[in-house]
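Since the structure is predicted, the reported quantities are computational estimates derived from the model, not experimental observations. Throughout, protein chains are lettered first and strands after them, A, B, ... in sequence-line order, and every chain is numbered starting at 1. Heavy atoms only: backbone and side chains are in, while hydrogens, waters and symmetry mates are out.
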There are 2 protein chains.
Amino acid sequence: MRIGELAERTRVPTRLLRYYEEQELLSPDRGANGYRDYAESLVDRVTQIRGLLDAGLPTKIIRQILPTLDNPCTIHVTDATPELIATLEHERARMDSRIGCLTRNRDAISAYLDAVRRGPATP
Amino acid sequence: MRIGELAERTRVPTRLLRYYEEQELLSPDRGANGYRDYAESLVDRVTQIRGLLDAGLPTKIIRQILPTLDNPCTIHVTDATPELIATLEHERARMDSRIGCLTRNRDAISAYLDAVRRGPATP
DNA sequence: TCAGACATTGACACTAATGTGAAGGAAAGA
DNA sequence: TCTTTCCTTCACATTAGTGTCAATGTCTGA
């Protein structure tokens, strides 16, 4: 599909899709006319990128971990350098702490909302 | 304590502590000489701010939710406007989706690392 | 077939947010 | 006094994301 359709389906502006390509998060094919040609699977890919960016991961890290998220069991196992493995372990640890922090604070917000809803009069 | 000690204990540069004050995430007292005077509790507060920023929350949101994270059951229940409650519910939902996204991708990285460690020769 | 509407391209510049560096001066402490 | 710490302020770096422009490609309906 072309960029307009992908933008519509992912609700990500075309401008941003080109930006992600510039950041090497996407590598669509090109038609004879030079237009980008996105595979069907890139709809999910874009959603995944958005989620990771929203979660606070920088593009540089996303670029590194994206290939591992496709097919963990098959293709990409072979080209795993020790550096990549170290990076992934490091990032996994960071994601763990992120998850922990977010969970703690979300729970605190939930507790606050519960307390408010129960009413200030209840001790 | 003064800014230098807080910086040392939290490992957050003094420059950044002043920046957080500018962003209204911290409000230290001031001594007669104009020096910032940080309460003991702000050590944890700074750690919490760092965690939330690392998790991708912007300062504007952190500023809003910080007061609710202190003592959900006591003090701040009274001054909860409907707008604040709506904001908190919205942010909690966003944090939920962040947690979900991070968890999914972390698990995918884990699966990849497991597969690599088991060795490419195992089908 | 051709004209007009619309999509796509690359390119440059720009904003907003987070984070830093450094200059110049005042206060603290040895 | 002399060094360290702290003050304010200005400027800059980086990252994610936008605006916009002119040129070109595509599509549709007369």
Side-chain angles (χ1 to χ4, degrees), chain A residues 1-39 42-43 45-66 87 91 94 97-98 101-102, chain B residues 1-39 42-43 45-66 91 94 97-98 101-102 105:
Chain A
M1 82 197 73
R2 296 195 309 196
I3 198 171
E5 185 182 343
L6 182 61
E8 202 171 347
R9 290 173 63 181
T10 59
R11 321 252 277 185
V12 173
T14 60
R15 187 69 185 75
L16 204 41
L17 293 173
R18 299 195 188 96
Y19 171 71
Y20 291 157
E21 183 177 350
E22 197 178 299
Q23 300 301 311
E24 298 178 51
L25 304 183
L26 297 171
S27 300
D29 294 332
R30 294 289 182 138
N33 53 12
Y35 284 15
R36 293 168 176 83
D37 181 30
Y38 294 89
L42 293 186
V43 175
R45 165 63 52 109
V46 170
T47 304
Q48 188 174 37
I49 292 170
R50 287 292 335 153
L52 290 170
L53 281 169
D54 281 347
L57 274 72
T59 55
K60 185 176 55 181
I61 298 303
I62 298 175
R63 186 186 314 138
Q64 287 180 290
I65 68 175
L66 269 184
T87 300
E91 283 311 314
R94 284 176 60 83
S97 75
R98 271 176 225 256
C101 177
L102 281 171
Chain B
M1 83 196 72
R2 296 194 308 194
I3 197 172
E5 185 183 343
L6 182 62
E8 201 172 350
R9 289 174 62 182
T10 60
R11 322 253 276 184
V12 173
T14 59
R15 187 67 187 80
L16 205 40
L17 293 174
R18 297 193 188 98
Y19 170 71
Y20 291 156
E21 182 176 350
E22 193 178 302
Q23 298 303 311
E24 298 179 52
L25 304 183
L26 297 171
S27 299
D29 294 333
R30 294 287 182 140
N33 51 13
Y35 284 16
R36 294 169 176 82
D37 181 30
Y38 295 89
L42 294 185
V43 175
R45 165 63 53 107
V46 169
T47 304
Q48 189 173 35
I49 291 170
R50 286 291 336 152
L52 290 169
L53 280 169
D54 280 347
L57 274 72
T59 56
K60 185 176 56 181
I61 298 303
I62 298 176
R63 187 186 313 136
Q64 287 180 291
I65 68 176
L66 268 185
E91 283 310 314
R94 284 176 59 83
S97 76
R98 270 177 225 256
C101 177
L102 281 172
N105 285 287

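- Checked against side-chain contact (heavy atoms from CB on, under 4.5 Å), S97(B) has no partners two or more places apart in sequence or in another chain.
- Within residues 49-64 of chain A, no residue has any heavy atom closer than 4.0 Å to DNA chain C.
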Dump the pairs, protein N or O against N or O of nucleotides 10-14 of chain D, anything under 3.5 Å, distances to one decimal.
{"unit_1": "dC10(D)", "atom_1": "N4", "unit_2": "R15(B)", "atom_2": "NH2", "d": "3.0"}

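- Residues passing the side-chain hydrogen bond (donor to acceptor under 3.5 Å, both in side chains) test with E8(A): none are found, sequence neighbours excluded.
- The heavy-atom pair separating R45(A) from L25(A) by the smallest distance is NH1-O, 4.2 Å.
- When the P atom of dT8(C) is taken as reference, atom CG of D37(A) falls 12 Å away, rounded to whole Å.
- Regarding contacts with the backbone of dT9(C), a side-chain N or O of R36(A) is found under 4.0 angstrom from either OP1 or OP2.
- Protein atom CE of M1(A) is 12 Å distant from nucleotide atom P of dT8(C), rounded to whole Å.
- Not counting sequence neighbours, the partners of Y20(A) by the side-chain hydrogen bond (donor to acceptor under 3.5 Å, both in side chains) test are R50(A).
- Within residues 16-24 of chain B, the residues that have a heavy atom under 4.0 Å from DNA chain C are, in order of number, L16(B), Y19(B), Y20(B).
- Applying the side chain to side chain donor-acceptor pair (under 3.5 Å) test to residues at least two apart or on different chains, the pairs with a partner in residues 22-33 of chain A are E21(A)-R30(A).
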Under-3.5 Å N/O pairs linking protein and nucleotides 26-30 of chain C:
{"unit_1": "dA28(C)", "atom_1": "OP1", "unit_2": "N33(B)", "atom_2": "ND2", "d": "3.3"}

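- Scanning all heavy atoms of the two residues, the minimum distance from A55(A) to R98(B) falls at CA-CG, 3.9 Å.
- Minimum heavy-atom separation, C101(A) to G51(B): SG-C, 3.4 Å.
- Here the P atom of nucleotide dT4(D) and the CD1 atom of I3(B) are 19 Å apart, to the nearest Å.
- Listed by chain and residue number, nothing satisfies the side-chain hydrogen bond (donor to acceptor under 3.5 Å, both in side chains) test with R18(B) (two or more places apart in sequence, or in another chain).
- Note that the CZ atom of R63(A) and the CG atom of L57(A) stand 12.5 Å from one another [nearest 0.5 Å].
- Residues passing the side-chain hydrogen bond (donor to acceptor under 3.5 Å, both in side chains) test with Q48(B) are N105(A), sequence neighbours excluded.
- Rounded to whole Å, atom C1' of dG17(D) lies 15 Å from atom CG of L26(A).
- Nucleotide dT8(C) holds its C1' atom 14 Å from the CD atom of E5(A), rounded to whole Å.
- Nearest approach of P13(B) to A7(B), heavy atoms of both residues: C-CB, 4.3 Å.
- Here R9(B) pairs with M1(B), E5(B), E40(B), V43(B) under the side-chain contact (heavy atoms from CB on, under 4.5 Å) rule; sequence neighbours left out.
- Expressed to the nearest 0.5 Å, how far CG of L26(B) lies from CD1 of I3(B) amounts to 9.0 Å.
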